[in-house]
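Notes follow the structure.
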Amino acid sequence: MIEEKILAQCCHAVQKLYGHELNPASVGLEKTKKEITGDFTVVVFSLLKISRKSPETTATEIGTFLQQNMPEIETFNVIKGFLNLVLSDHFWMKFLVKNAVLPDFGFCKSRHEHPVVLEYSSPNTNKPLHLGHIRNNLLGFSLAEILKANGHKVVKVNLVNDRGIHICKSMLAYMRWGNHETPGSTGMKGDHLIGKYYVLFDKEYKAEIHDLIGKGLTEEEAEKQAPLIVEAQEILRKWEAKDPETITLWKEMNGWAYQGFDLTYRRLGVDFDHIYYESETYLHGKKLVMEGLDSEVLVQKEDGSIWADLRDEGLDEKLLLRADGTSVYMTQDLGTAQLRYDEYRPSSMIYVVGNEQNYHFDVLKKVLTKLGMEYGKHIYHLSYGMVELPQGRMKSREGTVVDADDLMDEMLRTAEETTRELGKADELSDEDATRLFNTIGLGALKYFILKVDPKKNMMFDPRESIDFNGNTGPFIQYTYARIQSLLAKASSAGFLWEDAKISLHLPLLPLEKETIKRLYQFRETIVQAGEELSPAIIANYIFDLAKGFNQFYQELPVLKEEDPEKVVLRICISKFTGSVIKKSMKLLGIEVPERM
RNA sequence: GGCCCUGUAGUUCAAUGGAUAGAACGGAAGUUUCCUAAACUUUAAAUCCAGGUUCGAUUCCUGGUGGGGCUACCA
């Protein structure tokens with residue numbers, strides 16, 4: 001990379017000019033701002049103590065040295081303490097010609113022995129997926145792609161929360177009021193059917209609480225004593241005791257949920273290498289807890305419940321096993337962490353989980369470490385922000401949840417409407433048209449969600465999300481489709497750029513050079529996105545690339561250019577841009593259409 | 001109450017401690033005998049407040065203030 005070379009030469013310059021050994025990391029090197037002439041900028045303020053000269057003189061001296069010692073540097077200019085370096089067109093041409101044809105340009109060869117275990121999605125089986133899960137799934141899938149592009153092996157895992165009190169609530173409501181209906185008998189998607197009973201449980205439970213409070217109980221007492229919740233807890237105990245009837249119903253209802261989830265996952269385009277079921281893993285956690293108790297790392301209270309005391313580490317006491325011996329969330333997360341460690345010996349484990357669980361993961365890491373598990377230190381919680389609606393936070397009980405399936409339907413419908421309005425579907429077969437609507441609708445949704453920094457809460461305004469202009473997925477898809485159309489025309493006009501010889505000494509116009517520079521940045525963008533675990537960095541990059549290309553395309557003729565060498569050059573830039581757009585969109589899990 | 005996150009144009013988002021704080025949408029005004037106008041061009045518009053560290057702070061630190069989350073024998 002040229003950046004490293006510049007840094008090294010800067011150190012060299014400082015050594016030669018001022019007799020001081022400099023660490024390359026301490027040199028400020030950045031991309032030159034748009035309005036200023038130059039490709040890279042060295043900020044010399046921090047070197048003034050060493051040079052004991054003015055910023056201008058220091059920058060000029062270093063610039064002169066670099067120009068003399070690096071053939072890639074054509075010229076430079078100095079503004080205050082900013083040394084702006086201009087690389088030669090020859091350098092950019094060499095980059096272009098060498099990399100445009102590399103199929104895996106920007107990607108890193110596999111270079112890590114141990115995989116990264118990446119958990120995402122992790123639904124509960126008591127209700128269908130909603131907008132929050134969509135953010136989770138898109139982030140998880142995209143991160144896996146980004147990590148792979150950085151040379152990691154990735155094991156995508158899903159931990160299905162298929163047991164616990166929440167499932168028992170749906171089961172109880174179904175037993176009471178279900179009349180043996182099934183997805184088949186109602187035509188409802190399985191996960192939605194189960195969700196219906198979860199909502200029903202909550203409604204009836206609320207009513208019971210209300211009654212009890214009317215009879216003089218406090219709210220807290222009422223919440224604990226309401227017959228429905230007591231019965232749901234009884235079902236949980238029966239389940240843990242493997243009561244056959246309970247297990248049968250549980251299996252049936254979970255089966256419905258899985259069928260529903262599979263459809264949603266497939267539509268969303270996400271997948272997993274390994275699915276863990278909490279029902280199969282929670283006992284491992286129990287075992288770990290018992291071992292921790294034996295070694296006196298954990299404590300047992302009089303009622304028999306088992307706790308981790310983390311007060312020395314600034315946290316609280318945390319329950320790990322209830323008095324009745326049943327497991328809690330933390331118990332099973334301890335168990336699955338251990339399972340994953342045993343199975344994959346990962347270099348790290350990443351959990352894509354909402355930021356409301358920050359505390360949970362603090363505790364998880366600390367408890368594992370307390371139990372003597374070194375890998376606890378290599379657990380990384382990718383804590384993403386909430387998705388809010390214009391009306392405020394989504395609340396399942398208040399019916400303000402945006403359902404994942406409904407949302408995708410809506411996006412597809414809008415994609416179809418808009419595409420037909422523009423007359424773009426006229427020449428397509430039904431099959432191609434449907435595929436296109438799907439590509440555009442999902443592209444819009446995915447891009448809208450992934451372009452936001454994962455850590456931040458985001459606002460989801462349905463009206464804005466279905467916009468196809470500006471910084472959107474379809475804008476980028478459109479840019480790609482135009483490039484493909486251009487290339488098709490080029491090849492039918494007989495321009496086979498692969499065979500053509502471009503002179504490496506061709507002078508570049510600003511728009512040509514800017515586009516090549518953006519392509520050059522693809523590699524470092526992937527690295528940065530991998531380090532920060534942020535698909536948003538990729539998204540911002542593609543937008544910048546596409547936007548810049550549209551300008552290039554608007555201002556400069558490609559096929560109609562008179563100079564045949566320039567035609568080949570511009571086709572080459574176009575083809576390269578198309579391939580980088582496609583690859584970056586792939587990193588986000590977004591498809592691009594060949595025409596639209 | 002305690003702990004954590006957060007506050008940038010009207011709105012949604014950007015900006016490894018660096019130059020005149022960038023985009024998009026929305027607003028205003030333009031560009032089709034020309035490779036796809038789902039495009040392009042021009043234009044108005046913002047760093048919550050007060051201190052501190054620094055040659056330099058949207059960025060780091062402290063206090064205040066607004067918003068969100070966690071603080072369950074739910075997950």
Side-chain angles (χ1 to χ4, degrees), chain A residues 28-30 32-36 41 43 45-46 48-49 55 79-82 84 122 124 126 161 163-167 169 220 223-224 229 233 278 301 303 305-307 314-316 319-324 326-330 332-333 354-360 362 383 385-386 388 390 392-393 418-419 421-422 424 440 448 451-453 455-461 463-465 467-472 474-479 481-490 493 528 532 536-537 539-540 543-544 547 550-551 553-561 570-571 574 595-596:
Chain A
L29 181 69
E30 46 199 65
T32 305
K33 290 190 66 164
K34 212 177 156 196
E35 321 79 63
I36 292 163
T41 296
V43 185
F45 290 111
S46 59
L48 301 184
K49 271 177 272 174
I79 302 172
K80 290 187 276 185
F82 298 97
N84 304 306
S122 307
N124 294 344
N126 63 327
N161 293 304
R163 47 137 262 132
I165 190 71
H166 51 292
I167 318 298
K169 290 178 183 176
E220 201 180 330
E223 280 173 4
K224 283 185 176 160
I229 195 69
Q233 276 157 355
E278 190 185 319
K301 296 209 169 171
D303 64 1
S305 57
I306 300 175
W307 299 70
L315 300 178
D316 226 328
L319 177 86
L320 298 179
L321 221 49
R322 294 189 187 101
D324 65 7
T326 55
S327 300
V328 292
Y329 181 40
M330 185 62 70
Q332 66 84 17
D333 248 0
N355 63 12
E356 72 232 343
Q357 293 191 33
N358 286 353
Y359 182 72
H360 172 81
D362 278 352
S383 161
M386 316 249 88
E388 280 164 34
R393 198 184 167 184
T418 312
T419 306
E421 255 171 46
L422 292 168
K424 304 251 181 189
I440 296 174
F448 185 83
K451 76 176 173 187
V452 181
D453 182 343
K455 292 192 293 291
K456 294 194 177 169
N457 286 358
M458 67 172 289
M459 173 66 67
F460 187 88
D461 186 337
R463 275 187 323 229
E464 245 179 85
S465 70
D467 199 339
F468 294 167
N469 300 316
N471 189 358
T472 65
F475 170 90
I476 293 159
Q477 291 171 324
Y478 177 67
T479 306
R482 282 215 296 200
I483 291 174
Q484 296 322 297
S485 158
L486 178 72
L487 294 175
K489 289 210 163 96
Q528 199 196 345
E532 297 183 27
I537 289 170
N540 288 332
F543 176 65
D544 188 49
K547 177 95 188 146
N550 280 336
Q551 214 175 100
Y553 180 88
Q554 182 85 15
E555 301 293 327
L556 301 176
V558 178
L559 301 175
K560 303 198 167 160
E561 163 63 36
R570 289 177 193 164
I571 291 175
S574 303
R595 55 183 290 193
M596 72 184 269

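Labels below follow one simple rule: chain letters A, B, ... track the order of the sequence lines, proteins then strands, and each chain is numbered from 1.
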Legend entry - B/G7 and B/U12, which share atom name C1', separated by this distance in whole Å: 15 Å

Legend entry - Atom C1', compared across B/A57 and B/A19: separation rounded to whole Å: 14 Å

Inset, instruction - Examine distances only and state if a side-chain atom of A/Asn355 and a backbone atom of A/Ser383 form a donor-acceptor pair shorter than 3.5 Å. - result: no

Legend entry - Nearest-Å distance once atom C1' is located in both B/A46 and B/C25: 16 Å

Legend entry - Distance, C1' atom - from B/U58 to B/G18, rounded to whole angstrom: 12 Å

Inset, instruction - Write down the distance separating the P atoms in B/U43 and B/A50, rounded off to the nearest Å. - result: 31 Å

Legend entry - In B/U43, glycosidic geometry as syn within 90° of 0 or anti otherwise: anti

Inset, instruction - Round to the nearest Å and state the distance from A/Tyr553 atom OH to B/C34 atom P. - result: 12 Å

Legend entry - B/S/- contact track for nucleotides 3-14 of chain B, protein heavy atom under 4.0 Å: --------SSSS

Inset, instruction - Tell me what A/Ile440 touches on the nucleic acid: a base, only sugar-phosphate, or nothing, going by heavy atoms under 4.0 Å. - result: base

Inset, instruction - Rounded off to whole Å, could you give me the CZ-to-P distance for the A/Phe45 and B/C55 pair? - result: 12 Å

Inset, instruction - Classify the nucleic acid contact of A/Thr419 as base, sugar-phosphate or nothing, counting any heavy atom under 4.0 Å across all strands shown. - result: base

Inset, instruction - Take the protein atom CG of A/Leu487 and the nucleotide atom C1' of B/U36, then report the distance between them rounded to whole Å. - result: 13 Å

Distances for protein N or O near nucleotides 73-75 of chain B N or O, under 3.5 Å:
| from | atom 1 | to | atom 2 | distance (Å) |
| --- | --- | --- | --- | --- |
| B/C73 | N4 | A/Asp303 | OD2 | 2.2 |
| B/C74 | OP2 | A/Arg322 | NE | 2.7 |
| B/C74 | OP2 | A/Arg322 | NH2 | 2.2 |
| B/A75 | OP1 | A/Arg322 | NH2 | 3.3 |
| B/A75 | OP2 | A/Tyr329 | N | 3.1 |
| B/A75 | O3' | A/Asn161 | OD1 | 3.4 |
| B/A75 | O3' | A/Glu278 | OE1 | 3.4 |
| B/A75 | O2' | A/Asn124 | OD1 | 2.9 |
| B/A75 | O2' | A/Asn124 | ND2 | 3.3 |

Inset, instruction - Look at the side chain of A/Lys424 and decide which nucleotide, out of B/C70, B/A19, B/A38, has an atom nearest to it. - result: B/A38

Inset, instruction - Check every atom of B/C40, B/A38, B/U36 against the side chain of A/Gln554 and return the nucleotide holding the closest atom. - result: B/C40

Legend entry - Phosphate contact (B/A37 OP1 or OP2) by A/Arg482 side-chain N/O below 4.0 Å: yes

Inset, instruction - Quickly work out the A/Tyr478 OH to B/U36 P distance and round it to whole Å. - result: 8 Å

Legend entry - A/Lys49 side chain near B/C55 phosphate (N/O to OP1/OP2, under 4.0 Å): no

Inset, instruction - Test for a donor-acceptor pair under 3.5 Å between the base of B/U20 and the side chain of A/Lys33, counting only N and O atoms. - result: no

Inset, instruction - Look at the side chain of A/Ile36 and decide which nucleotide, out of B/G69, B/U36, B/A19, has an atom nearest to it. - result: B/A19

Legend entry - Side-chain donor-acceptor pair present, A/His166, A/Asn161, cut-off under 3.5 Å: no

Inset, instruction - Using the P atom on both, measure B/G52 against B/G56 and round to a whole Å. - result: 12 Å

Inset, instruction - Round to the nearest Å and state the distance from A/Lys80 atom NZ to B/C55 atom P. - result: 17 Å

Inset, instruction - Indicate whether OP1 or OP2 belonging to B/A72 is found under 4.0 Å from a side-chain N or O atom of A/Tyr359. - result: no

Inset, instruction - Verify the contact: side-chain N or O of A/Thr418 to OP1 or OP2 of B/A38, cut-off strictly under 4.0 Å; return yes or no. - result: no

Legend entry - Salt-bridge contact A/Asp461-A/Arg463 (side-chain N to carboxylate O under 4.0 Å): yes

Inset, instruction - Would you confirm whether A/Arg570, through its side chain, and A/Pro557, through its main-chain N or O, come within 3.5 Å as a donor-acceptor pair? - result: yes

Legend entry - By ring-ring contact (aromatic ring centres under 6.0 Å, His included) - contacts of A/Phe448 (at least two apart): A/Phe460

Legend entry - Ring-on-base stacking B/A23 with A/Phe543 (under 5.5 Å, under 30°): no

Inset, instruction - Find the distance A/Glu30:CD to B/A19:C1' and express it as a whole number of Å. - result: 9 Å

Inset, instruction - Check for a donor-acceptor pair, side chain of A/Arg322 on one end and backbone N or O of A/Ser305 on the other, with a separation under 3.5 Å. - result: no

Inset, instruction - Determine whether the side chains of A/Asn550 and A/Thr479 contain a donor N or O and an acceptor N or O closer than 3.5 Å. - result: yes

Legend entry - A/Lys489 side chain near A/Val558 side chain, heavy-atom distance below 4.5 Å: no

Inset, instruction - Can you tell me, in whole Å, how much space there is between the C1' of B/U8 and that of B/A23? - result: 13 Å

Inset, instruction - Determine the contact category for A/Phe475: base if any of its heavy atoms lies under 4.0 Å from a base atom, sugar-phosphate if only primed atoms, P, OP1 or OP2 are that close, otherwise nothing. - result: sugar-phosphate

Legend entry - Side-chain donor-acceptor pair present, A/Gln551, A/Glu555, cut-off under 3.5 Å: no

Legend entry - Side-chain donor/acceptor of A/Thr41 to base of B/A19, under 3.5 Å: yes

Inset, instruction - Could you work out which one of B/U71, B/C35, B/U41 sits closest to the side chain of A/Leu486? - result: B/C35

Inset, instruction - For A/Asn84, report the nucleic acid contact type (base, sugar-phosphate, nothing); a contact means any heavy atom under 4.0 Å. - result: base

Legend entry - Distance, rounded to the nearest Å, where A/Asn550 contributes CG and B/C40 contributes P: 5 Å

Inset, instruction - Indicate, with a heavy-atom threshold strictly under 4.0 Å, whether A/Lys34 touches base, sugar-phosphate, or nothing. - result: nothing

Legend entry - side-chain contact (heavy atoms from CB on, under 4.5 Å) assessment of A/Tyr478 paired with A/Phe468: CA-CA 10 Å; A/Tyr478 177 67; A/Phe468 294 167; over 6 Å; no

Inset, instruction - Using a heavy-atom cut-off of under 4.0 Å over every strand shown, decide if A/Ile537 touches base, sugar-phosphate, or nothing. - result: nothing

Inset, instruction - Would you mind reading off the distance between A/Asp362 atom CG and B/G69 atom C1', rounded to a whole angstrom? - result: 13 Å

Inset, instruction - Could you tell me which non-hydrogen atom of A/Lys224 sits nearest to which non-hydrogen atom of A/Ile229, and how far apart they are? - result: O-CG2, 3.7 Å

Legend entry - Toward the 5' end of RNA chain B, by each residue's nearest nucleotide, A/Asn469 or A/Lys560: A/Lys560

